[in-house]
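Step one of this worksheet: look at the structure below.
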Amino acid sequence: MFALVDCNNFYVSCERIFQPRLEGRPVVVLSNNDGCIVSRSEEAKELGIKMGTPYFKAKPLLDAHDARVFSSNYALYGDISRRVMSYLAEVAPEVEVYSIDEAFLDLTGMEQWLEHNRSSLTEYGRRLKQEIKQWIHVPICMGIAPTKTLAKLANRIAKKDPMHHGVLHLDSDARCRWALEQVGVEDVWGIGRQYAPMLQQHGIATAADLARVSDVWARRHLGGVVGLRIVRELQGVPCLEMIPPDGGAQPRHSVAYTRTFGQPLAAYPDILSAVATFTTRVAEKLRRQGCAANMLTVFISKSRYGPAPPPYTYSNTLSLPVATRDTAELLRYARVALKQLWQPGTSYKKAGVILTGLEPGGLAQLNLFVDSPHAEQRAQLMAELDKLNTRYGAGTVGFAVELADKNGCKGAWAGKKEMRTPAYTTSLPEVWRINIDGLLLG
DNA sequence: TCTGGGGTCCTAGGACCC
DNA sequence: TCTGGGGTCCTAGGACCC
């Protein structure tokens, strides 16, 4: 048996931990740059606000209902997520952290053990739900079923129908069949924007309909083995296994840092400053992964929403002679790549730096290949930079090319973040101070 | 005026090898 | 006149997830 634990309206729930008076009110959290709505409280959903709606479109409705709106506060959400995941690691035999707000549990063997103790998986799920709420103040739901895809499906039903009190265990074939009838095909894990309309045109409306298609049909219409796995999983045949915490020791394939600018930018120094800053950020990520990269992509994009026709994005990929994790070296390549892309008189709205061809690479490998007597010192320099920036905050020490002009001006590209709450749990200056009878508590 | 960010996997097709 | 078979590696593109 697999369980899927999913935090309800996660970002909104994180904000409510520190502002309990927001309970019962419509609340939304915005994406980077205060662009789109990416988390909604139940009250906001009831207003008809859809996931991913641009904020400016929903603002009149939100204002009319006195809704609270927050910029995203990833330091906070990341920390709350870690608390939930470490709780799960203590109460479940095996945990796979699937996203910031979801985890799969492998409950093999649990059922017999619980029955032996006159309990059940449903009771177990309810206990987890109650304890996570009480200790971390985050509401969750849980679906339990013989496959991951069915656990996702059960979770969806548990979330929608209050009858289940947030926990649904599909403990028999009959219950699985019943559950499949409840869920539209568009809500099946793995069926997205493209496949859903196609399936509906073929008369496949529910998850139950999808579970009945033939293997050949699934392969032909749903992207080969991927579709086949979805169908089998719905039929109760496990095709997806738990992924161990180290990802099976598989290194990642890419790291990226991309951002929409706060305003359109045309001047080369402004765009160079952005691309340089993104390069240093992505290089930091790369070193945190313990990798080196042998390809670097820079892209810059025009607005997708203006009168201009596509293409909107211009990108340039360089193959590096030797894999590297040195910020200064990556900056040199990024500059070259950008120079070939930028067109005078054009306004750009977004840029990004993507590193691919990642290989596990530390100091030893650099020494082996780089014909430089300074390789070891350079690696040490990067380590010191990372140490300083971790301790005193990102960007404390950087490279001059990140600045847009000689006056040290930086950040014409910086996005909006006008409604961000404090990093209550991860930044000392932002920790609450409570003054009780003249006694200051940090 | 204002429209996010960062990943994954799979397939098909081309270049190349013996 | 008749022109094989079996691989690998890489990339682009298309789908998906949160």
Side-chain angles (χ1 to χ4, degrees), chain A residues 4-11 28-39 49-60 62 69 71-72 74 77-78 81 96-104 148-149 152 155-156 186-199 218-230 233 239-240 243 247-248 250-264 278 281-282 285-286 289 294-295 297 299 301-306 312-313 315 317 319 347 349-358 413 415-419:
Chain A
L4 180 78
V5 175
D6 184 330
C7 302
N8 304 346
N9 317 329
F10 183 57
Y11 296 170
V28 300
V29 175
L30 306 179
S31 65
N32 248 317
N33 211 12
D34 291 349
C36 294
I37 291 167
V38 292
S39 183
I49 292 166
K50 299 273 177 278
M51 182 71 175
T53 308
Y55 173 47
F56 74 92
K57 284 190 183 169
K59 190 166 187 300
L62 290 165
V69 178
S71 304
S72 39
Y74 290 106
Y77 312 150
S81 173
E96 173 191 334
V97 177
Y98 177 67
S99 73
I100 194 164
D101 70 335
E102 278 178 60
F104 285 104
K148 280 180 156 183
T149 306
K152 287 278 271 188
N155 178 72
R156 164 168 286 273
E186 69 279 6
D187 293 326
V188 170
W189 190 35
I191 301 299
R193 263 201 316 274
Q194 304 294 314
Y195 287 154
M198 182 275 293
L199 290 167
R219 260 184 192 274
R220 171 147 354 130
H221 292 90
L222 297 172
V225 297
V226 180
L228 184 56
R229 281 202 281 255
I230 295 171
E233 284 249 323
C239 302
L240 304 171
I243 298 170
Q250 293 296 310
R252 207 178 261 242
H253 297 139
S254 65
V255 283
Y257 196 96
T258 73
R259 283 292 177 277
T260 299
F261 304 147
Q263 50 180 315
F278 300 173
R281 292 283 176 283
V282 80
K285 278 197 206 182
L286 182 71
Q289 305 280 328
N294 63 36
M295 279 189 286
T297 301
F299 73 80
S301 306
K302 302 190 279 194
S303 172
R304 278 182 298 157
Y305 303 99
Y312 304 115
T313 296
S315 80
T317 300
S319 276
S347 273
K349 198 67 215 305
K350 182 176 179 175
V353 181
I354 304 164
L355 301 177
T356 47
L358 304 195
W413 49 268
K416 280 185 295 225
K417 236 181 200 181
E418 284 159 3
M419 298 157 285

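From a predicted model like this one, the values you see are computed outputs, not experimental measurements. Every chain is numbered from 1, with letters handed out A, B, ... down the list of sequences.
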Atom CG of A/Leu228 to atom C1' of C/dC16: distance rounded to whole Å?
-> 16 Å
To the nearest Å, how far apart are A/Met295 CE and C/dC10 C1'?
-> 9 Å
Can any side-chain N or O of A/Ser31 pair as donor or acceptor with the backbone N or O of A/Val38 at less than 3.5 Å?
-> no
Gap between atom CG of A/Leu30 and atom OG of A/Ser72 - 0.5 Å precision | 7.0 Å
CG (A/Asn33) and NZ (A/Lys349) are apart, to the nearest 0.5 Å, by 6.0 Å
Mind checking A/Glu102 for me? I need base, sugar-phosphate or nothing, with any heavy atom below 4.0 Å counting as a touch.
-> sugar-phosphate
Looking at every strand, decide which applies to A/Ile191 at a 4.0 Å heavy-atom threshold: base, sugar-phosphate, or nothing.
-> sugar-phosphate
Side chain of A/Lys152 (C-beta onward), nearest among C/dC18, C/dC16, B/dC10 | C/dC18
Taking only residues at least two apart or on different chains, which pairs with a member in residues 50-59 of chain A satisfy side chain to side chain donor-acceptor pair (under 3.5 Å)?
-> A/Lys59-A/Asp63
Are the side chains of A/Lys285 and A/Arg252 in touch, meaning some heavy atoms are under 4.5 Å apart?
-> no
Would one find a side-chain N or O of A/Arg229 under 4.0 angstrom from OP1 or OP2 of B/dC10?
-> yes
Taken to the nearest whole Å, CZ/A/Arg193 to P/C/dG14 is 14 Å
Electrostatic pair A/Glu233-A/Lys152, nearest N-O below 4.0 angstrom | no
Nearest-Å distance, CG (A/Asp187) to P (C/dC16)?
-> 13 Å
Rounded distance (Å) that lies between atom C1' of C/dC16 and atom NZ of A/Lys148 = 15 Å
Measure the distance from CD1 on A/Ile100 to C1' on C/dC17 and round it to the nearest whole Å.
-> 15 Å
Does some side-chain heavy atom of A/Tyr195 sit less than 4.5 Å from a side-chain heavy atom of A/His221?
-> no
When you check every protein heavy atom under 4.0 Å of nucleotides 1-8 of chain B, what one-letter string (B, S, -) results, 5' to 3'?
-> -BBSSSSS
Note, DNA chain C 5' to 3' with Watson-Crick or G-U pairs under 3.5 Å encoded as ( ), [ ], | and . gives ....||||||||||||||
Contact check, side chains of A/Leu199 and A/Leu222, non-hydrogen atoms, under 4.5 Å | yes
Relative to each other, are the rings of A/Phe278 and A/Tyr257 parallel, tilted or perpendicular (30° and 60° limits)?
-> tilted
Separation of atom OH in A/Tyr195 from atom P in B/dT11, rounded to whole Å = 10 Å
Separation of A/Gln194 atom CD from B/dC10 atom P, in whole Å?
-> 19 Å
